[in-house]
Amino acid sequence: MTQRAWRSIGKLAQNAGKAVFSWRTLMGAASLGAAAGRGAGRGAYVFVRSGQAALWGSRALTAAMIGLAVLFIGFAPKAPEGADIWDVNRPPSITLVDSEGDILATRGAIYGEAVSVADLPPYFVEAFLATEDRRFYDHRGVDLRGTARAFVTNVRAGALREGGSTITQQLAKNLYLSPDRTLVRKAKEAMLALWLEGRYDKNEILSLYLNRIYLGAGAYGVEAAAQHYFGKSAAEATLAEAAMLAGLPKAPSALAPTRNLEGAQARAADVLDNLVETGDLDRFDAMTAKAAPAVPVNRAADSGLGYFFDYIAAKAVALAPSQRDLIVHTTLNARLQKVAESAVTATLAEEGEMLNANQAALIAYDRDGALLAMVGGESYKESQFNRAVQAKRQPGSAFKPFVYLAALEAGMTPKSKFVDGPIEIGDWAPQNYSDVFVGEVRLAEAMAKSINTVAVQVSEETGRDNVAAVAERLGVSSDLTPHPSLALGASEVTLNELTAAYLPFQNRGAAVAPYAIRMLTDGEGEVLFEKPSPETARLMDRSHADEMTHMLYQVLHSGTGGRARLGDRSAAGKTGTSQEWRDAWFVGYTHQITAGVWVGNDDRTPMNEVTGGNLPAEIWRAFMSGAHTGAPSVRLPGAYPAITAMSEEALTDFYDDLEYAFDRLDGGARRGLFGRR
């Protein structure tokens with residue numbers, strides 16, 4: 001054994017001896033008539049005879065102390081070499097930061113800035129000492145008098161009414177041990193308490209305790225708890241607030257004021273009585289604090305933020321699978337998130353029940369692909385299933401832009417004409433939503449009116465495999481079945497992938513990689529991940545992208561998406577409705593934002609004729625209107641009205657009538673000016 005080890009044993013034995021054989025401790029134990037030999041005191045025997053303590057001889061005592069030290073070294077857990085005791089056995093946490101650098105939320109262990117005893121008001125520290133360990137400054141880690149008193153109290157009560165662990169023992173348990181209530185664990189706890197007392201002074205131990213004690217709701221330490229419950233630093237806590245925090249270690253989860261305010265306030269009253277009993281507080285101040293008990297600040301749960309947290313946490317852990325605290329610097333815009341949640345919940349509350357539409361989801365990106373807002377359902381508290389990224393549903397006509405892009409790349413234009421009429425492909429005959437055929441139309445008009453027969457004809461002429469390839473190129477990752485109904489959105493996708501696939505339309509054909517994490521750091525500020533610079537790539541010709549915007553603009557201007565119009569701000573988008581009104585969609589974009597909305601029911605029951613042009617379009621408009629507050633209005637390339645085949649026919653008739661009138665006036669002098677049809 002090394003000289004250093006022997007010195008450690010000697011110091012440990014000295015502390016153990018002071019703890020176990022303190023004359024005051026022994027006399028107190030003797031007066032109670034109990035043997036004070038628990039925990040670290042197993043290495044010595046104490047016999048109480050007529051109020052006097054008889055100890056073994058000095059050689060036996062020395063041997064017992066050395067035996068105790070050796071037992072400790074071999075039996076008790078050891079701190080890692082060079083470990084910072086402030087970080088020992090510290091549960092990791094994930095903290096989300098928004099695009100402005102403000103903390104959104106923390107999950108897992110919540111830790112605040114470390115505070116020392118000197119930083120706190122005297123009553124704050126006294127409240128913990130009066131409740132948890134009144135003789136903290138008198139014992140050496142294990143309080144035999146307190147243990148004996150607790151034993152007698154519990155025996156008399158016939159139940160566990162009082163604990164005997166000191167603050168040092170509680171700290172030892174929190175740092176190194178499991179919460180199991182066994183004799184072995186209690187023995188280890190006592191031994192570690194002796195070790196801590198031999199290595200750190202009282203104020204250091206108390207500061208460690210106050211910064212590591214669990215106080216419910218995921219908060220560790222008085223600073224984190226004060227911030228979480230009261231929205232202020234522990235140094236600013238009132239007497240009533242300090243009493244409430246000091247009462248939590250007994251049952252932190254059950255007494256957390258956000259969960260059990262009545263229980264927390266009753267426990268705080270007990271703490272105030274303890275302060276009066278120890279002489280640290282007069283009765284009048286205690287009564288005043290009881291009359292105005294502490295109340296936690298209102299922290300309403302953000303349903304949408306819960307979905308976002310789940311989504312980001314999974315990505316963050318995959319990027320940095322470590323046991324360290326993670327600080328996730330996200331792209332989420334806190335203001336837009338609130339706008340998104342309000343748009344979803346308010347619209348569903350107003351119309352959802354009447355239309356049998358119980359769920360909705362929304363997701364939004366900026367033109368660089370940064371995720372701005374995410375709402376995965378009507379209530380995160382009721383259901384944590386994220387419908388924005390997890391639910392696969394039929395997009396209906398919201399899939400048609402990929403059909404028409406394939407057509408443009410095959411040589412067609414928005415002015416290309418098709419006949420809207422009955423068609424059959426094998427034994428399948430697609431129908432329009434209106435059950436009406438309008439005859440000859442241009443592609444731009446077919447997009448605006450969401451004419452199914454034309455979309456199917458275009459897909460068949462272009463090739464279903466080409467349509468699927470276009471969708472996959474733009475970012476649709478779900479399996480696409482090359483059935484004729486592919487053109488009508490029969491293959492299921494998520495709202496997230498469908499919305500992200502519209503980003504290249506907004507960006508005039510440039511590839512845009514959606515992302516939600518800008519950077520990952522640990523608790524010490526070390527960068528674990530940083531978003532790489534995007535690779536420049538083009539997914540379609542700029543002219544084709546502008547033509548797609550031109551066609552999608554018609555949807556809002558004169559088509560099925562009229563309810564999504566944003567006034568003078570140019571926007572483009574597409575409605576989508578699946579069979580029997582099971583799913584309704586609206587996906588669209590302005591110069592700044594691309595957003596998608598889905599509405600439906602989790603059990604896939606039909607809604608009451610909800611289409612992409614009503615409820616989803618209304619949610620989309622509500623979100624986009626609020627999201628663009630103060631933003632400049634920038635015209636989208638191609639955002640101008642198209643001449644339809646029907647308007648062209650009407651214009652030709654007008655010219656015919658005008659020519660006939662001129663013929664009547666001048667005897668035919670102007671004949672042939674416009675030509676006959």
Side-chain angles (χ1 to χ4, degrees), residues 301-308 310-311 337 339-364 373-400 431 433-434 450 452 476 478-481 485-486 488-501 560-561 563-564 573-588 595-623:
D302 266 329
S303 61
L305 191 58
Y307 295 113
F308 179 72
D310 290 347
Y311 175 71
Q337 176 67 24
V339 172
E341 293 174 26
S342 176
V344 169
T345 57
T347 306
L348 284 181
E350 183 176 349
E351 303 181 62
E353 184 176 357
M354 177 180 63
L355 297 175
N356 192 36
N358 298 316
Q359 284 295 345
L362 182 152
I363 197 164
M374 173 186 284
V375 180
E378 189 272 336
S379 170
Y380 180 78
K381 182 179 179 181
E382 296 296 326
S383 169
Q384 290 77 55
F385 181 67
N386 190 337
R387 296 152 191 86
V389 297
Q390 292 177 292
K392 287 194 173 186
R393 309 295 284 261
Q394 291 183 342
S397 295
F399 187 84
K400 287 177 181 176
Q431 299 294 314
Y433 172 75
S434 63
S450 201
N452 289 339
V476 175
S478 296
D479 293 335
L480 300 175
T481 304
S485 61
L486 173 67
L488 306 184
S491 293
E492 295 184 337
V493 299
T494 68
L495 175 64
N496 183 33
E497 62 183 314
L498 184 65
T499 304
T560 58
R563 294 192 190 183
K574 187 68 188 76
T575 57
T577 309
S578 68
Q579 292 181 342
E580 299 182 0
W581 299 288
R582 287 190 172 92
D583 305 280
W585 310 66
F586 190 89
V587 183
V597 175
W598 167 86
V599 176
N601 294 313
D602 288 339
D603 60 3
R604 299 177 184 262
T605 55
M607 297 175 285
N608 294 336
E609 299 190 9
V610 174
T611 69
N614 48 49
L615 218 53
E618 292 170 10
I619 293 174
W620 189 89
R621 185 189 69 235
F623 167 71

My understanding is that only residues two or more places apart in sequence, or in another chain, count here; which of them pass side chain to side chain donor-acceptor pair (under 3.5 Å) with [X]?
| X | answer |
| --- | --- |
| Thr575 | Thr560 |
| Asn496 | Tyr365 |
| Gln431 | none |
| Lys400 | Ser397, Ser450, Asn452 |

Just verifying a value: how many Å separate [X] [atom1] and [Y] [atom2], rounded to the nearest 0.5 Å?
| X | Y | atom1 | atom2 | result |
| --- | --- | --- | --- | --- |
| Leu362 | Arg387 | CG | CZ | 13.5 Å |
| Arg582 | Asp603 | CZ | CG | 10.0 Å |
| Glu341 | Phe308 | CD | CZ | 11.5 Å |
| Phe399 | Leu488 | CZ | CG | 10.0 Å |

- Could you please spell out the steps behind the side-chain contact (heavy atoms from CB on, under 4.5 Å) verdict for Leu495 and Val389? CA-CA 6 Å; Leu495 175 64; Val389 297; over 6 Å; no
Side-chain donor or acceptor of [X] paired with backbone N/O of [Y] under 3.5 Å:
| X | Y | answer |
| --- | --- | --- |
| Trp585 | Gln394 | yes |
| Tyr307 | Ser379 | yes |
| Thr494 | Glu497 | yes |

- Message: Between Arg604 and Asp583, does any side-chain N to carboxylate O distance fall below 4.0 Å?
- Response: no
- Message: Can you tell whether the side chains of Glu492 and Arg393 come within less than 4.0 Å, N to carboxylate O?
- Response: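 The answer is no: the pair does not qualify as a salt bridge.
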Is any side-chain heavy atom of [X] less than 4.5 Å from a side-chain heavy atom of [Y]?
| X | Y | answer |
| --- | --- | --- |
| Arg621 | Arg563 | yes |
| Thr481 | Leu486 | no |
| Asn608 | Trp581 | no |
| Val599 | Val597 | yes |

Taking all non-hydrogen atoms of both residues, which atom of [X] and which atom of [Y] are closest, and how far apart?
| X | Y | result |
| --- | --- | --- |
| Ala388 | Met374 | CB-CG, 4.3 Å |
| Thr577 | Gly612 | OG1-N, 3.0 Å |
| Ser478 | Val493 | OG-CA, 3.9 Å |
| Pro395 | Ser491 | CD-O, 3.1 Å |
| Val375 | Gln337 | CG2-NE2, 4.2 Å |

- Are there more than 12 heavy atoms of other residues, nucleotides or ligands under 6.0 Å from atom CD of Gln384?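 Yes.
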- Asp479 atom CG, over 12 foreign heavy atoms within 6.0 Å: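 No, not enclosed.
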- side-chain hydrogen bond (donor to acceptor under 3.5 Å, both in side chains) evaluation trace for Tyr380 with Asp310: CA-CA 11 Å; Tyr380 180 78; Asp310 290 347; 2.8 Å; yes
Which atom pairs, one a donor and one an acceptor, fall under 3.5 Å between side chains of residues 350-361 and the rest of the protein, sequence neighbours left out?
residue : atom : partner : partner atom : Å
Asn356  : ND2  : Pro606  : O            : 2.9
Asn358  : ND2  : Asn601  : OD1          : 3.1
Gln359  : OE1  : Glu378  : N            : 2.8

- Note on the structure: Ala564 meets the side chain to side chain contact (heavy atoms under 4.5 Å, CB included) criterion, sequence neighbours left out, with Leu556, Phe586, Ala617, Trp620
